[in-house]
Amino acid sequence: MNVQVDAQLHPAWQGGSLQCIVRRDETHDCATFVLTAESPVRFDFFPGQFITLGLDVGGERHYRAYSISSCPTQSDRIAITVKRVEGGIMSNHLLDNFHVGHEVVALPPAGEFHLHPDQVPDRLVLLSAGSGITPVMSMARWLLKHRTEAHIHFIHSARSERDLIFHRELRELEMRHGNLQLEFFVSNPKSEIEVHKGRLTPERLGDLLHDAANSHIYMCGHPDYMAMIEVWHQERDYPNANLRKESFMPVEKEEVDGSGKTFQMRVPAFGVTTTILDGQPLIEIMEAEGLPIIAACRSGICGSCKCKVTAGEVERTSTETLTPEEVEAGYVLACSALARGDVEIELG
């Protein structure tokens, strides 16, 4: 019996400590970390989902969400691909210090941006820029292993050839699979690698996708990149349901946009009563007070900072991972909930 079949007999992993068993450099500033649990487990996830890692850096525990880049069929292990980020506490620490044999704690796979095995469209467009390639790479790997009849148009953008993550593997996959069509856009090309020179624009996207009305588009990249694609999609009046996006770009910290008033925030279970400004994100005060809350993506995407407002008024800027029932019950994402009055919070 092979390893893959054996893995199906193991219990589903529910989070905990993971150990690095492989570290593979992808580019000059990007590496893949293959992780596994101490005891035999089965990693159940949909291609496109993420895991949240917790790591001590500088004496403080930090949490960040990372898209899974591996294929779900290799269920005895899981992989993330991390790119260096200017000022990135966790990403840069992993690249500089995390090696084979090292351990990290993690939460179970999650995320609404994914392919479901029973709902795979016949035509897909995978659009990514920079490290946004990781979740759609998981999709491509799974599709080519299990749904070879689906047509996949994979369009990836990078600054230079040396920044093209998974370039060689994707070229090899294209040679083996006639239903995979690759396009690489490079802003500053310097070699003879076959790429489109310059940035992806709406006009160039239109030339590549003559008729995408029936295609399902999955995209991941920086906000400006995805905004451009969304506008292009809307101008053609394509179905909104056919466009899905993922982004872990933290919301830029700005001056609090409020009246200047102050309110009281109470967390009775932890004996905390403190001041919060009108329009201030709940997560800022929770972290300042040392409350046990995880803010992995800080952009209203991952849902790790879910908590319940039992009294008071807040303004939600994202309900990405919350069900209608949870919203009705008062649940919010602390990174995307702004104080608009005295509030009482329940954690856990």
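Hydrogens, waters and symmetry mates are skipped; everything else that's a heavy atom, side chains included, is used.
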Side chain to side chain contact (heavy atoms under 4.5 Å, CB included) assessment of Phe33 paired with Val104: CA-CA 11 Å; Phe33 300 93; Val104 63; over 6 Å; no
Taking atom [atom1] of [X] as the centre, report whether more than 12 heavy atoms of other residues, nucleotides or ligands fall under 6.0 Å from it.
{"X": "Phe166", "atom1": "CZ", "value": "yes"}
{"X": "Asp342", "atom1": "CG", "value": "yes"}
{"X": "Asp207", "atom1": "CG", "value": "yes"}
{"X": "Glu149", "atom1": "CD", "value": "yes"}

What distance do [X] atom [atom1] and [Y] atom [atom2] have between them, rounded to the nearest 0.5 Å?
{"X": "Leu170", "Y": "Leu164", "atom1": "CG", "atom2": "CG", "answer": "9.5 Å"}
{"X": "Ser157", "Y": "His222", "atom1": "OG", "atom2": "NE2", "answer": "7.5 Å"}
{"X": "Arg159", "Y": "Asn188", "atom1": "CZ", "atom2": "CG", "answer": "9.5 Å"}
{"X": "Arg84", "Y": "Asn92", "atom1": "CZ", "atom2": "CG", "answer": "5.0 Å"}
{"X": "Asp25", "Y": "Thr32", "atom1": "CG", "atom2": "OG1", "answer": "9.0 Å"}
{"X": "Glu346", "Y": "Arg266", "atom1": "CD", "atom2": "CZ", "answer": "12.5 Å"}

Starting from [Y], can I reach [X] by hopping between I/L/V/M/F/W/Y residues whose side chains sit under 4.5 Å apart?
{"X": "Leu333", "Y": "Ile283", "result": "no"}
{"X": "Leu143", "Y": "Ile133", "result": "yes"}
{"X": "Phe154", "Y": "Ile217", "result": "no"}
{"X": "Val272", "Y": "Val314", "result": "yes"}
{"X": "Met139", "Y": "Leu182", "result": "yes"}

Parallel, tilted or perpendicular for [X] and [Y], by the 30°/60° rule?
{"X": "His167", "Y": "Phe184", "value": "tilted"}
{"X": "His196", "Y": "Phe185", "value": "parallel"}
{"X": "His102", "Y": "His99", "value": "perpendicular"}

Closer than 3.5 angstrom, by distance alone: can the side chain of [X] be matched with the main-chain N or O of [Y] as a donor-acceptor pair?
{"X": "Arg77", "Y": "Ile21", "result": "no"}
{"X": "Ser336", "Y": "Thr319", "result": "no"}
{"X": "Glu161", "Y": "Lys190", "result": "yes"}
{"X": "Arg316", "Y": "Tyr331", "result": "yes"}
{"X": "His177", "Y": "Asn179", "result": "no"}
{"X": "Gln49", "Y": "Gly111", "result": "yes"}
{"X": "Glu326", "Y": "Thr323", "result": "yes"}
{"X": "Arg64", "Y": "Ser91", "result": "no"}
{"X": "Ser138", "Y": "Ser70", "result": "yes"}
{"X": "Arg204", "Y": "Arg199", "result": "yes"}

Less than 4.0 Å between a side-chain N and a carboxylate O, is that true for [Y] and [X]?
{"X": "Asp278", "Y": "Arg340", "value": "yes"}
{"X": "Asp29", "Y": "Arg162", "value": "no"}
{"X": "Glu246", "Y": "Arg244", "value": "no"}
{"X": "Glu26", "Y": "Lys83", "value": "no"}

Tell me the closest heavy-atom pair linking [X] and [Y], and the distance in Å.
{"X": "Leu291", "Y": "Phe270", "answer": "CD2-CB, 3.7 Å"}
{"X": "Ala37", "Y": "Phe43", "answer": "N-CZ, 4.0 Å"}
{"X": "Phe263", "Y": "Ala339", "answer": "CE1-O, 4.4 Å"}
{"X": "Ile51", "Y": "Pro108", "answer": "CG2-C, 4.3 Å"}
{"X": "Ala106", "Y": "Leu18", "answer": "CB-CD1, 3.9 Å"}
{"X": "Leu124", "Y": "Pro121", "answer": "CD1-O, 3.6 Å"}

Taking side chain as C-beta onward, heavy atoms only, is [X] less than 4.5 Å from [Y]?
{"X": "Leu55", "Y": "His62", "answer": "no"}
{"X": "Cys20", "Y": "Phe98", "answer": "yes"}
{"X": "Cys307", "Y": "Met286", "answer": "yes"}
{"X": "Asp76", "Y": "Thr36", "answer": "no"}
{"X": "Leu209", "Y": "Ser215", "answer": "no"}
{"X": "Asp44", "Y": "Pro72", "answer": "no"}
{"X": "Gln181", "Y": "Leu208", "answer": "no"}
{"X": "Leu282", "Y": "Ile293", "answer": "no"}

Derivation and outcome, side chain to side chain contact (heavy atoms under 4.5 Å, CB included), residues Met137 and Leu173: CA-CA 11 Å; Met137 188 64 184; Leu173 288 171; 4.3 Å; yes
Tyr225 and Ser128: side chain donor to acceptor below 3.5 Å: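 Not at all, the side chains of Tyr225 and Ser128 share no donor-acceptor pair under 3.5 Å.
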Donor-acceptor side-chain pairing of Asp163 and His28 below 3.5 angstrom: yes
Verdict with supporting geometry, Leu205 and Leu127, side chain to side chain contact (heavy atoms under 4.5 Å, CB included): CA-CA 10 Å; Leu205 190 56; Leu127 283 157; 4.0 Å; yes
Full working for side chain to side chain contact (heavy atoms under 4.5 Å, CB included) between Met90 and His93: CA-CA 5 Å; Met90 276 276 285; His93 180 84; 5.7 Å; no
